[in-house]
S.K.: 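First, the structure itself, so that you have it in front of you.
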Amino acid sequence: MDKKGRTVLEVGADGVAVITLINPPVNSLSIDVLHSLKANYDEALRRNDVKAIVVTGAKGKFSGGFDITAFGGVQDGRTAAPKPGFVSVEVLTDTVEGAASKPSVAAIDGLALGGGLEVAMVCHARISTAGAQLGLPELQLGIIPGFGGTQRLPRLVGLSKALEMMLTSKPIKGEEAYTLGLVDAIVSPEELISTARRWALDILERRRPWVASLYKTDKIEPLGEAREILKFARAQARKQAPNLKHPLVCIGVVEEGIVAGPRAGLWKEVEGFQVLLHSDTCKSLVHVFFAQRGTTKVPGVTNRGLVPRRVKKVAILGGGLMGSGIATALILSNYPVLLKEVNDKFLQAGLDRVKANLQSRVKKGKMSQEKFEKSMSLIKGVLDYEGFRDVDMVIEAVIENVSLKQQIFADLENYCPPHCILASNTSTIDLNLIGQKTKSQDRIIGAHFFSPAHVMPLLEIVRTERTSPQVIVDLLDVGKKIKKTPVVVGNCTGFAVNRMFFPYTQSAILLVEHGVDVYQIDKAVTKFGMPMGPFRLADLVGFGVAVATGMQYVENFPERVYKSMLIPLMQEDKRAGETTRKGFYKYDAKRKASPDPEIKKYIEKSRQISGVSIDPKLAKLSEKDIVEFVFLPVVNEACRVLDEGIAVKAADLDIAGIMGMGFPPYRGGIMFWADSLGSKYIYSRLQEWTSMYGDFFKPCTYLAERASKGASLRGWRPQHSSSQATP
Ligand SMILES: C[C@H](O)CC(=O)SCCNC(=O)CCNC(=O)[C@H](O)C(C)(C)COP(=O)(O)OP(=O)(O)OC[C@H]1O[C@@H](n2cnc3c(N)ncnc32)[C@H](O)[C@@H]1OP(=O)(O)O
């Protein structure tokens, strides 16, 4: 079998051996790289012409850490992993760090993450470039550092900072690493290797200290203080991520090192790593890691060798909540933007919203005043189309009105240059309809942002059967530049996210009409990991939107809409959600939600209209049952979305749900989670509920087929990856 990566050893006339990690694209530490690293180290330590060692990574990147593609194989036993503790203790601690006669220096450029930084911390000094990223992001994958990072990082930067870096998974830049003492010098990329070589010789000749990080004690806080820090970190972890064990394991392992000594800590790390590697959380988060990177791989589009065209100027139509949010996202990434409105008043309001969005960043310390001013200088308000003659992309974000949008697109065709991308932020209207009065169907595309657009990470890119691949590639590139995760989907009611999650509120309402408590549902769903339950979400979005969306669904999927008057009844009484201070919850002046007993009367009335009576079986629903009632219809709709080719692959739906709705990533996404329950189980539950509560729950053909074979829901790719899909 082909080897996956290697290291090379080169010995210079100065007696310094440079060992280079080579495994593109990020020089990850595959099992082959680790074996090769050990072999080269053994050789360097053995050879008489080698006095000192420098470790570095090829092509300006030290290492992105352990090879994440190897996780699956190790988890299911296909890949023979080295025995526990072999890399961490035997190779890195006892051979490299413990080398009695030859010092090692890490030369870091680009990135040193996870296992990469752990290898560097084992060296006796670290030289870095200013822009390099250093961090231990293992927790984002559901594991803890496994090559001694939990022990060495606190000894190099102190306990508080080390815990912060590990628990948030956020890397730091070389400059900060130098201030903290994680690296010993900052140099330019050109001087990196030569400085590291000299440094290694200086250590050998005792002109610089020979430091084994594992045994440093000067940065570690005294025991009493350390215990307080650990206690605080534990409380925070329990509060922020009550469903997750691995942050607590990490804190426990760090504590062991402080209380019982670093070697005991190393072994506890080995033990914790092994257990977590096989956890469902790790499997889910690794899936999410690759799924997120996979959204930009669209068969028939991104494999054609098309190069994204440069978008130099963007125009946005509409300065409302969405338009101003989109404008904010664009100027934050240095795109010059024209914001068009219909009159001065609206225009000023739009510009003010953009300003407020940026100011809130300044207030939170996330943006400097200088960057604020620079960003604001990139936006220009206009009232006509004159400035549109040299824009490369337009994003329309006006109200959801078909004839208005048709007129706008016809105007755009007249004013914008012929190459200009014509995007709409519609969340409901058919893009074919929007472009009906133009001859530019090939450059019409959906750019569906989620509110608030400058914060939410998802960008649904909606293609019609006529959108050209070049335009999709262009928008994918813009999406990446404005730091969104783009997911390419087909044209249908609600596209992927809203369509999948329409049944989310629907089944919750069905349960309520059958006697389940509103707040019990929200509690079960938030405990499962959603940022908020369906009722709190409905309040946030506002009932106006809920009713309008509901109508779209009744029109397009009448057979599977649960028709309830609950929301319209409340809306009639001017309870329309958070903005009216009353919805399913009541809100105080600070918008804090609390349950409202008054909603009982609306529920009673809507129950009567629906002709539904309280079902005593549902009165004692467990939290698990509530979660399944709410999410299995979402899975059912997701299956339809996949089967119709609206989504290219199931993993895209996982990411869409995570990024667009806040589905907990540690459950892997909606389809990944569904497969953990099994298609047979889901099918049988939906069937049972269909017989009891009607066709709202009826499993779709795709789900029925998969269940009959006992097959996974994800392991299938649509034959037609086109956007064409009729609901
Ligand atoms: C024992 C140890 O303690 C355990 C570990 O080390 S676990 C690993 C810890 N390391 C990490 O978590 C880092 C993960 N990687 C990242 O955060 C980012 O990829 C990065 C910052 C390195 C680069 O980001 P960016 O430049 O935006 O490129 P990105 O698209 O993410 O990655 C480029 C490619 O490298 C791959 N890649 C990145 N890190 C990888 C890794 N550690 N292993 C395998 N592949 C990796 C990506 O999958 C992607 O592949 P693709 O082109 O086929 O999609």
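Whatever order the structure lists them in is the order used to number ligands and atoms, beginning at 1. Residue numbers run from 1 in the order of the sequence given.
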S.K.: For Arg293 and ligand 1, does the shortest N/O to N/O distance drop below 3.5 Å?
M.R.: yes

S.K.: Quiz question: by atom type and distance under 3.5 Å, do the side chains of Lys374 and Asn334 form a donor-acceptor pair?
M.R.: yes

S.K.: Geometry only, no angles: is Ile68 polar-contacting ligand 1 at N/O separations under 3.5 Å?
M.R.: yes

S.K.: Could you tell me whether atom 25 (P) of ligand 1 has at least one protein heavy atom nearer than 4.0 Å?
M.R.: no

S.K.: If you measure from NE2 on His454 to CD1 on Ile326, what distance do you get to the nearest 0.5 Å?
M.R.: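 Rounded to the nearest 0.5 Å, the NE2-CD1 separation comes out at 11.5 Å.
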
S.K.: We want to know whether Ser676 and Lys283 form a side-chain donor-acceptor pair, criterion being a heavy-atom distance below 3.5 angstrom.
M.R.: no

S.K.: Heavy-atom count around Asp280 CG within 6.0 Å, excluding the residue itself: above 12?
M.R.: no

S.K.: Could you find the nearest protein heavy atom to atom 54 (O) of ligand 1 and give me its residue, atom name and distance?
M.R.: Lys297 NZ, 2.6 Å

S.K.: May I ask you to identify, for Leu29, whether its side chain, its backbone, both or neither come under 4.0 Å of ligand 1 on a heavy-atom basis?
M.R.: neither

S.K.: Tell me: protein heavy atom nearest atom 21 (C) of ligand 1, and distance?
M.R.: Leu113 CD1, 3.8 Å

S.K.: I'd like to check whether Gly146 has a polar contact with ligand 1, where a contact means an N/O of the residue lying under 3.5 Å from an N/O of the ligand.
M.R.: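 Yes; the residue has a nitrogen or oxygen that sits under 3.5 Å from a nitrogen or oxygen of the ligand.
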
S.K.: Who's the nearest protein heavy-atom neighbour of atom 14 (C) of ligand 1, and how far?
M.R.: Phe289 CE1, 3.6 Å

S.K.: Looking only at distance, does Pro145 have an N or O less than 3.5 Å from an N or O of ligand 1?
M.R.: no

S.K.: Could you tell me the residue and atom name of the protein heavy atom closest to atom 35 (O) of ligand 1, and the distance to it rounded to 0.1 Å?
M.R.: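 Of every protein heavy atom, Pro25 CG, 3.3 Å lies nearest to atom 35 (O) of ligand 1.
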
S.K.: Would you call the rings of His287 and Phe672 parallel, tilted or perpendicular, taking 30° and 60° as the class edges?
M.R.: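 Plane angle under 30°, so parallel.
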
S.K.: If you measure from CG on Asn23 to OG on Ser30, what distance do you get to the nearest 0.5 Å?
M.R.: 4.5 Å

S.K.: Do Leu378 and Val337 come within less than 4.5 Å of each other through their side chains, counting heavy atoms only?
M.R.: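 No, too far: nothing below the 4.5 Å cut-off.
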
S.K.: Have a look at ligand 1 and work out which part of Leu111, if any, has a heavy atom under 4.0 Å from it: side chain, backbone, both or neither.
M.R.: side chain

S.K.: Indicate yes or no for a side-chain donor-acceptor contact from Arg361 to the backbone of Lys366 under 3.5 Å, with no hydrogens or angles considered.
M.R.: no

S.K.: Let me confirm one number: the OG1-CG distance from Thr79 to Asp67, rounded to the nearest 0.5 Å.
M.R.: 9.5 Å

S.K.: Which of the atoms of ligand 1 are close to Gly114, meaning less than 4.0 Å from one of its heavy atoms?
M.R.: 6 (O), 9 (C)

S.K.: Can you tell me which residue and heavy atom of the protein come closest to atom 45 (N) of ligand 1, and the distance to 0.1 Å?
M.R.: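 Minimum-distance protein heavy atom for atom 45 (N) of ligand 1 reads Asp67 OD1, 4.4 Å.
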
S.K.: Answer yes or no for Pro137: is there a heavy-atom contact with ligand 1 below 4.0 Å?
M.R.: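 True for this residue.
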
S.K.: Quick one: does atom 51 (P) of ligand 1 have a protein heavy atom under 4.0 Å from it?
M.R.: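 For atom 51 (P) of ligand 1 the answer is yes, since some protein heavy atom falls inside 4.0 Å.
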
S.K.: Quick one, Lys38 and Pro82 - any side-chain contact, counting heavy atoms below 4.5 Å?
M.R.: no

S.K.: Could you tell me whether Gly64 and ligand 1 have an N or O pair separated by under 3.5 Å?
M.R.: yes

S.K.: I would like to know whether Arg263 and Tyr215 meet side chain to side chain contact (heavy atoms under 4.5 Å, CB included); could you show each step before the answer?
M.R.: CA-CA 9 Å; Arg263 243 187 129 83; Tyr215 302 103; 4.0 Å; yes

S.K.: Which of parallel (below 30°), tilted (30 to 60°) and perpendicular (above 60°) describes Phe71 and Phe66?
M.R.: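 Answer is tilted, since the angle falls between 30° and 60°.
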
S.K.: For atom 12 (O) of ligand 1, what's the nearest protein heavy atom and its distance?
M.R.: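 Sorting protein heavy atoms by distance from atom 12 (O) of ligand 1 puts Gln140 NE2, 3.2 Å first.
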
S.K.: Which ligand 1 atoms are under 4.0 Å away from a heavy-atom of Gly65?
M.R.: 6 (O), 42 (N)

S.K.: Hey, which atoms in ligand 1 end up nearer than 4.0 Å to a heavy atom of Leu141?
M.R.: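 Answer, ordered by atom number: 7 (S), 8 (C), 12 (O).
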
S.K.: Which of the numbered atoms in ligand 1 are under 4.0 angstrom from any heavy atom belonging to Glu138?
M.R.: 2 (C), 3 (O), 4 (C), 5 (C), 6 (O), 7 (S)

S.K.: Would you name the heavy atoms of Leu37 and Thr7 that are closest together and state the gap between them?
M.R.: N-OG1, 3.7 Å

S.K.: Using a strict cut-off of less than 4.0 Å between a Lys/Arg side-chain nitrogen and an Asp/Glu carboxylate oxygen, indicate whether Glu164 and Lys161 qualify as a salt bridge.
M.R.: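 Answer for the salt bridge query: yes.
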
S.K.: Tell me, which protein residue and heavy-atom name are nearest atom 39 (N) of ligand 1, and how many Å apart are they?
M.R.: Val26 CG2, 3.4 Å

S.K.: Using a plain distance cutoff, I'd like to know if Glu118 has any nitrogen or oxygen under 3.5 Å from a nitrogen or oxygen of ligand 1.
M.R.: yes

S.K.: Is there any N or O on Phe66 that sits under 3.5 Å from an N or O of ligand 1?
M.R.: yes

